[in-house]
Novice: 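Here it is, the structure in full.
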Amino acid sequence: MISDSEMCLLPFQEIYSVSSSVSNESLVIAIPEDYAAFYFKDALDRREGLSWQIDATWQSIKDLMLTETANNNKEGVSLLLNYVLQKIADQPVSTSIRFINKHYTEKIDIKSLAAMEHYTPSYYCDWFKRKMSMTPLEYIHYLRIHRAKELLRDSKLSVLTISYQLGYEYNASFTKMFKKYERLSPSEYRAASNS
């Protein structure tokens with residue numbers, strides 16, 4: 001279910017039906033697979049679509065695309081479509097993954113991530129694992145540990161301060177997770193990288 005404040009790109013070579021529970025104006029464009037592949041390379045999983053919020057820029061593009069389509073201006077529509085595809089290709093593929101990348105130091109629950117993709121929590125975890133080859137929690141820890149390594153190498157912050165900054169409630173949890181990924185404690189990693 002996509003709201004009128006969202007845009008979506010659906011997987012290629014699939015059959016869809018479009019309906020609405022309220023009156024709205026929608027634009028559906030069938031993009032040939034080879035045309036879209038030029039822009040997305042392998043970034044878009046063929047089994048999954050993507051959606052994103054319509055901001056002022058996207059609303060203007062959508063309005064212009066509707067106008068050009070209504071006026072049967074094929075050249076204008078083609079130019080706008082090229083622009084739209086390039087703009088989409090420059091964005092990270094998934095709303096929830098963009099959210100995790102921005103908020104990995106905060107508490108994040110699976111239910112809210114699943115809602116961002118319009119999935120149930122169970123399906124979301126399966127989808128995420130197929131897409132990223134790890135669970136959402138593993139991905140969050142991966143990002144935290146990657147940032148921890150940067151901070152341990154490039155700052156004088158204490159291990160305790162780093163663990164709190166990265167969202168770990170307890171230093172012991174941070175140390176355990178760091179050892180799992182790096183096979184060294186944070187202190188040992190700092191000592192090895194500074195020698």
Side-chain angles (χ1 to χ4, degrees), residues 1-3 5-9 11 39-45 47-59 84 86-195:
M1 170 79 67
I2 302 296
S3 75
S5 65
E6 293 177 290
M7 289 180 69
C8 69
L9 179 66
Y39 287 95
F40 299 112
K41 311 287 185 261
D42 295 320
L44 184 64
D45 185 332
R47 297 178 309 266
E48 306 293 341
L50 62 100
S51 66
W52 61 97
Q53 290 298 119
I54 297 178
D55 59 15
T57 303
W58 281 111
Q59 186 61 51
V84 166
Q86 186 62 54
K87 193 162 174 58
I88 293 169
D90 291 343
Q91 295 181 357
V93 174
S94 157
T95 303
S96 65
I97 293 171
R98 282 195 311 265
F99 182 85
I100 292 170
N101 288 342
K102 200 176 220 180
H103 300 279
Y104 65 89
T105 62
E106 303 166 18
K107 266 195 169 170
I108 301 174
D109 66 287
I110 298 298
K111 198 173 180 180
S112 62
L113 293 172
M116 289 176 200
E117 303 297 341
H118 310 286
Y119 295 148
T120 64
S122 174
Y123 183 83
Y124 176 77
C125 289
D126 291 342
W127 169 83
F128 193 97
K129 182 129 184 169
R130 279 194 319 271
K131 190 171 219 53
M132 301 295 288
S133 301
M134 62 181 80
T135 68
L137 188 57
E138 288 169 339
Y139 184 62
I140 291 167
H141 286 303
Y142 167 80
L143 292 174
R144 288 177 173 181
I145 298 306
H146 180 75
R147 179 66 179 139
K149 288 165 48 179
E150 291 173 355
L151 292 171
L152 288 166
R153 277 192 314 265
D154 305 332
S155 77
K156 301 294 182 205
L157 296 174
S158 70
V159 172
L160 182 64
T161 301
I162 291 171
S163 72
Y164 288 144
Q165 280 188 3
L166 296 175
Y168 291 97
E169 289 183 32
Y170 304 103
N171 190 37
S173 301
F174 169 63
T175 300
K176 181 178 178 183
M177 195 57 60
F178 195 93
K179 275 186 170 179
K180 178 180 176 183
Y181 282 84
E182 296 302 317
R183 303 206 187 334
L184 296 169
S185 72
S187 300
E188 291 167 339
Y189 180 86
R190 175 176 267 166
S193 64
N194 290 332
S195 58

Novice: Taking 4.0 angstrom as the limit, do K180 and E138 come out as a salt bridge?
Specialist: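 Looking at K180 and E138, the cut-off is not met.
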Novice: Does R147 have any salt bridge (charged side-chain N to carboxylate O under 4.0 Å, His left out) partners at least two apart in sequence or in another chain, and if so, which?
Specialist: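 Here the qualifying residues are E150.
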Novice: According to side-chain hydrogen bond (donor to acceptor under 3.5 Å, both in side chains), who are the partners of Q165, at least two apart in sequence or on a separate chain?
Specialist: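 Per chain and number, Q165 pairs via side-chain hydrogen bond (donor to acceptor under 3.5 Å, both in side chains) with no residue.
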Novice: More than 12 foreign heavy atoms under 6.0 Å from OH of Y142: is that the case here?
Specialist: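 Counting neighbours around OH of Y142, 12 or fewer heavy atoms of other residues, nucleotides or ligands fall under 6.0 Å, so no.
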Novice: Between CD1 of I110 and CG of L137, what distance do you get to the nearest 0.5 Å?
Specialist: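 Rounded to the nearest 0.5 Å, the CD1-CG separation comes out at 7.0 Å.
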Novice: Before you tell me yes or no, could you show the steps for V159 and F178 under side-chain contact (heavy atoms from CB on, under 4.5 Å), namely the whole-Å CA-CA distance, both residues' side-chain angles and the distance that decides it to 0.1 Å?
Specialist: CA-CA 11 Å; V159 172; F178 195 93; over 6 Å; no
Novice: Under 3.5 Å, is there a donor on one side chain and an acceptor on the other for S96 and S94?
Specialist: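 Yes, a side-chain donor-acceptor pair sits under 3.5 Å.
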Novice: Out of curiosity, D154 CG to S193 OG, how far, rounded to the nearest 0.5 Å?
Specialist: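 Taking CG in D154 and OG in S193, the distance rounds to 8.0 Å.
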Novice: Is the shortest heavy-atom distance from the side chain of H141 to the side chain of M134 under 4.5 Å?
Specialist: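 Not in contact.
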Novice: Do E182 and L152 make a side-chain contact, defined as non-hydrogen atoms from C-beta onward lying under 4.5 Å apart?
Specialist: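 With C-beta onward as the side chain, the pair stays apart.
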Novice: Could you tell me whether H118 and Y123 have their ring centroids closer than 6.0 angstrom?
Specialist: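 That pair fails the under 6.0 Å test.
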Novice: Please evaluate residues I162 and R190 with respect to the criterion side-chain contact (heavy atoms from CB on, under 4.5 Å), reporting the C-alpha separation (whole Å), side-chain torsions for both, the decisive distance (0.1 Å), and the verdict.
Specialist: CA-CA 12 Å; I162 291 171; R190 175 176 267 166; 3.8 Å; yes
Novice: Distance from L184 atom CG to T175 atom OG1, nearest 0.5 Å?
Specialist: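 Going from the CG atom of L184 to the OG1 atom of T175 covers 12.0 Å.
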Novice: Flag yes if more than 12 heavy atoms outside H103 fall under 6.0 Å of its NE2 atom; otherwise flag no.
Specialist: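 Above 12, so yes.
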Novice: Tell me, do Y181 and H146 make a side-chain contact under 4.5 Å, heavy atoms counted?
Specialist: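 The answer is no, as the side chains (C-beta and beyond) never meet within the 4.5 Å cut-off.
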Novice: I97 vs F128, test: side-chain contact (heavy atoms from CB on, under 4.5 Å). Steps then yes/no.
Specialist: CA-CA 9 Å; I97 293 171; F128 193 97; 3.7 Å; yes
Novice: Please lay out, stage by stage, how T120 and S122 fare under the test side-chain hydrogen bond (donor to acceptor under 3.5 Å, both in side chains).
Specialist: CA-CA 5 Å; T120 64; S122 174; 5.2 Å; no
Novice: Specify the closest pair of heavy atoms between N101 and Y104, including all atoms of both residues, with the distance to one decimal.
Specialist: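 Distance-wise, the nearest heavy atoms are O-CD2, 3.4 Å.
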Novice: Does the side chain of K111 come within less than 4.5 Å of Y124's, by heavy atoms?
Specialist: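 Side chain of Y124 against side chain of K111, heavy atoms only: no contact under 4.5 Å found.
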Novice: Distance-only, no hydrogens or angles: does the E106 side chain make a donor-acceptor pair with backbone N or O of G167 under 3.5 Å?
Specialist: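 Such a contact is absent between E106 side chain and G167 backbone.
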Novice: Drop me the distance from I100's CD1 to I140's CD1, to the nearest 0.5 angstrom.
Specialist: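 Atom-to-atom, I100:CD1 and I140:CD1 are 5.0 Å apart.
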Novice: Should the ring pair Y168 and F174 be called parallel, tilted or perpendicular, given that the plane angle runs from 0 to 90° and is split at 30 and 60?
Specialist: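 Y168 and F174: tilted rings.
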Novice: Mind checking the CG-CG spacing from L143 to L166? Nearest 0.5 Å is all I need.
Specialist: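 Here the interatomic distance stands at 10.5 Å.
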Novice: Distance check, rounded to the nearest 0.5 Å: Y170 atom OH versus Y164 atom OH?
Specialist: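 Result: 9.0 Å between the selected atoms.
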